[in-house]
Amino acid sequence: MTYTNYQPTPVFSSDGQPIMPCHPARARKLLTKGRAVPHHVRGIFGIRILDRSRADCQVQDVALNIDTGSSTTGFAVVSDDEKGQRTVLAAVELTHRARVIKATMTRRRQLRHTRRGRLRHRAPRFNNRRRKPGTLPPSVDSLRTDTMRVVNTLTSMYPISHISIEHKKFDTQLMVYPDIRSVEYQRGTLFGWQIRAYILERDQGRCVYCRRSRVRLELDHVRPRATGSDRVDNLVACCRECNVKKANQPIEQFLTDQPELLKRILERLQRSNLASAAHINAALPAIIRDLWQLGLPLSSTDAASVSWARQQLNVPKTHCYDAALQGHDFTSVVSLPSRVLVLRPNNGRSKQKANVDRHGTPIGRPFRQQQALQHHLRRHNPAVGHSDRRQRHGPQLISTGDTVRFTHQDVLHTGRAVIKSAGRRVAIHGTKPEISTKIERCSRLARNPKWVIRRAAPSQQTRAEAATK
């Protein structure tokens, strides 16, 4: 197995159907000879062959493998030949925004009783009084929506004939207490126990800090409530003196002279950090349900076979590489990309220089004046920044974030559009000095992908994520 620093370029036929990708050098030759033109899909570059249709091309069986994660999800488009050799056609890494959404919702709850929070209060309406069955929390639902956006993009760029996903169900109780067995496992750790009695029994009636017994014990938060929780794994039994002495100090500062005890307590907290596992347990059934609706054959892969293949091939533990090693139909991997496509959703936000409505039309005084005209006059007087009515509502509409191309000073420029001058001009984002032109002189190559795209080495899985596998 060899690592490559490139990924094959997606190729489309003359009728816009995806076919087998090609080497980037061959794609450049096709563009130079005029046999192909650039074809962007949600900001991802590809080429479209002008002289060959889908019926004239030989398409192989291509599979899409998915390795879900709470913070990162890996995607791999693979193809296996008759000899059992696997070729990785694409490797994509999606960075989720679940933590950001959860922090935002938590902050809103904290501001609910303040004046700033009451300013955004909205009276409950009929459709908002009760959640629909199967509704997921916003932080968990973002895992599903972002994953399906990438799946829909990859299925439109590659001739996908099969989808495989690593199906895992994390046992949170067994992850916290690996020694629990039999009836205790069925009943749960707190069956018939009060929390205080359970913690005293777990810590053997001793203070975890000074190890004294036969003293009055209290419950202490290892991590303060501001940064921790009231869960059992964050509570320990300690004496009154140690509780007062520790106060709100960080556990690392309080146990500086006891490194072994500090290591043991931190290992317990790290092992019981079940937020990642809980997110996957809640979002994975919804993702599988949406994948079934695509109409493609769907199969699941266990984590044990992926781990065995990773050890045999000596591959680093990343979500992209775990996705590339799913399945049992291969014996070796021909090539593995060392740099993958990293997608980070930006939730549709963009650096707009002019406020626009849902159609991309600038909102301002000229636009309001145009809307105030009568209907027959409005048809012959289009809004500012648009040549005619078709461009405003049709497929040629250009808005902030779209990939555009235009000629400036006899040089062809391609990049991300930024609407300026109340919609009259379009500039290329990030150019200094700024490169801009009139909106009528540029053509759109792709719509705003709603995510930030870059190429980088695949990120290693965190220790918490690796512990769940």
Side-chain angles (χ1 to χ4, degrees), residues 63-78 92-106 127-128 130-156 160-176 185-186 188-189 231 272-307 318-320 322-328 343 345 347 451 461-462 464-469:
L64 172 61
N65 299 339
I66 306 172
D67 183 77
T68 57
S70 61
S71 59
T72 304
T73 296
F75 304 85
V77 181
V78 298
V92 181
E93 186 178 273
L94 173 64
T95 304
H96 291 293
R97 47 194 173 93
R99 296 182 179 178
V100 178
I101 295 177
K102 184 177 181 180
T104 303
M105 300 300 294
T106 303
N127 296 331
N128 301 330
R130 184 173 56 184
R131 291 184 177 180
K132 297 180 180 180
T135 302
L136 297 175
S139 58
V140 179
D141 190 62
S142 65
L143 302 180
R144 178 189 63 85
T145 55
D146 295 341
T147 300
M148 292 307 302
R149 283 179 58 196
V150 179
V151 170
N152 294 330
T153 302
L154 294 179
T155 52
S156 63
I160 304 297
S161 59
H162 179 79
I163 298 179
S164 174
I165 185 171
E166 184 177 340
H167 188 276
K168 42 185 175 284
K169 182 69 175 179
F170 299 125
D171 194 333
T172 56
Q173 184 180 193
L174 196 61
M175 290 165 58
V176 180
Y185 174 80
Q186 298 177 4
T189 55
R231 284 176 16 181
S272 60
N273 185 12
L274 307 179
S276 301
H279 279 185
I280 296 300
N281 287 343
L284 192 57
I287 295 176
I288 295 177
R289 183 175 63 251
D290 292 346
L291 291 177
W292 274 114
Q293 297 178 359
L294 296 178
L296 296 175
L298 179 64
S299 63
S300 60
T301 306
D302 57 338
S305 61
V306 176
S307 178
T318 65
H319 286 284
C320 289
D322 283 358
L325 299 178
Q326 292 182 16
H328 305 279
L343 306 179
N347 198 20
W451 52 44
Q461 292 189 19
T462 61
E465 293 177 342
T468 59
K469 293 191 176 182

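Keep in mind that the numbers below use all heavy atoms, side chains included, and drop hydrogens, waters and symmetry copies.
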Please report the shortest heavy-atom distance between Arg97 and Pro345, naming the atom on each side. NE-CB, 3.6 Å

Heavy-atom closest pair (Leu136 atom, Ala286 atom, distance to 0.1 Å) is CD1-CB, 3.9 Å

Which residue in the set Val150, Ile66, Ile280, Asp67 passes side-chain contact (heavy atoms from CB on, under 4.5 Å) when paired with Thr73? Ile66

Rounded to the nearest 0.5 Å, what separates atom CD in Gln293 from atom CD1 in Ile288? 12.5 Å

Go through it in stages, so that I can follow the logic: the residues are Thr68 and His319, the test is side-chain contact (heavy atoms from CB on, under 4.5 Å), and I'd like the CA-CA distance, side-chain angles, deciding distance and then a yes or no. CA-CA 8 Å; Thr68 57; His319 286 284; over 6 Å; no

Looking at every non-hydrogen atom in both residues, tell me the closest pair between Val306 and Glu166 and how far apart they are. CG2-OE1, 4.3 Å

Report the distance from atom CG of Asp146 to atom NE2 of His96, rounding to the nearest 0.5 Å. 6.5 Å

Please give me the minimum heavy-atom distance between Gly74 and Ala323, naming the atom from each residue. O-CB, 3.7 Å

Hey, are the side chains of Thr72 and Cys320 touching, using non-hydrogen atoms and a 4.5 Å cut-off? no

Once rounded to the nearest 0.5 Å, what's the spacing between atom CD of Glu93 and atom OG1 of Thr318? 7.0 Å

CD1 (Ile160) and CG (Leu64) are apart, to the nearest 0.5 Å, by 5.0 Å

Could you go through the side-chain contact (heavy atoms from CB on, under 4.5 Å) check for Ile165 and Leu284 one step at a time? CA-CA 10 Å; Ile165 185 171; Leu284 192 57; 3.7 Å; yes

So, Thr147 side chain and Arg144 main chain: donor-acceptor pair closer than 3.5 Å or not? no

Give the intermediate values and the outcome of side-chain contact (heavy atoms from CB on, under 4.5 Å) for residues Thr153 and Trp451. CA-CA 12 Å; Thr153 302; Trp451 52 44; 3.6 Å; yes

Distance col, row Leu94:CG vs Leu143:CG, nearest 0.5 angstrom, shows 9.0 Å

Are any of the side-chain heavy atoms of Asn152 and Leu294 separated by less than 4.5 Å? yes

When rounded to the nearest 0.5 Å, the distance separating OG of Ser164 from CG of Leu291 is 10.5 Å

Closest non-hydrogen atom pair, Pro285 against Ala282: CD-O, 3.8 Å

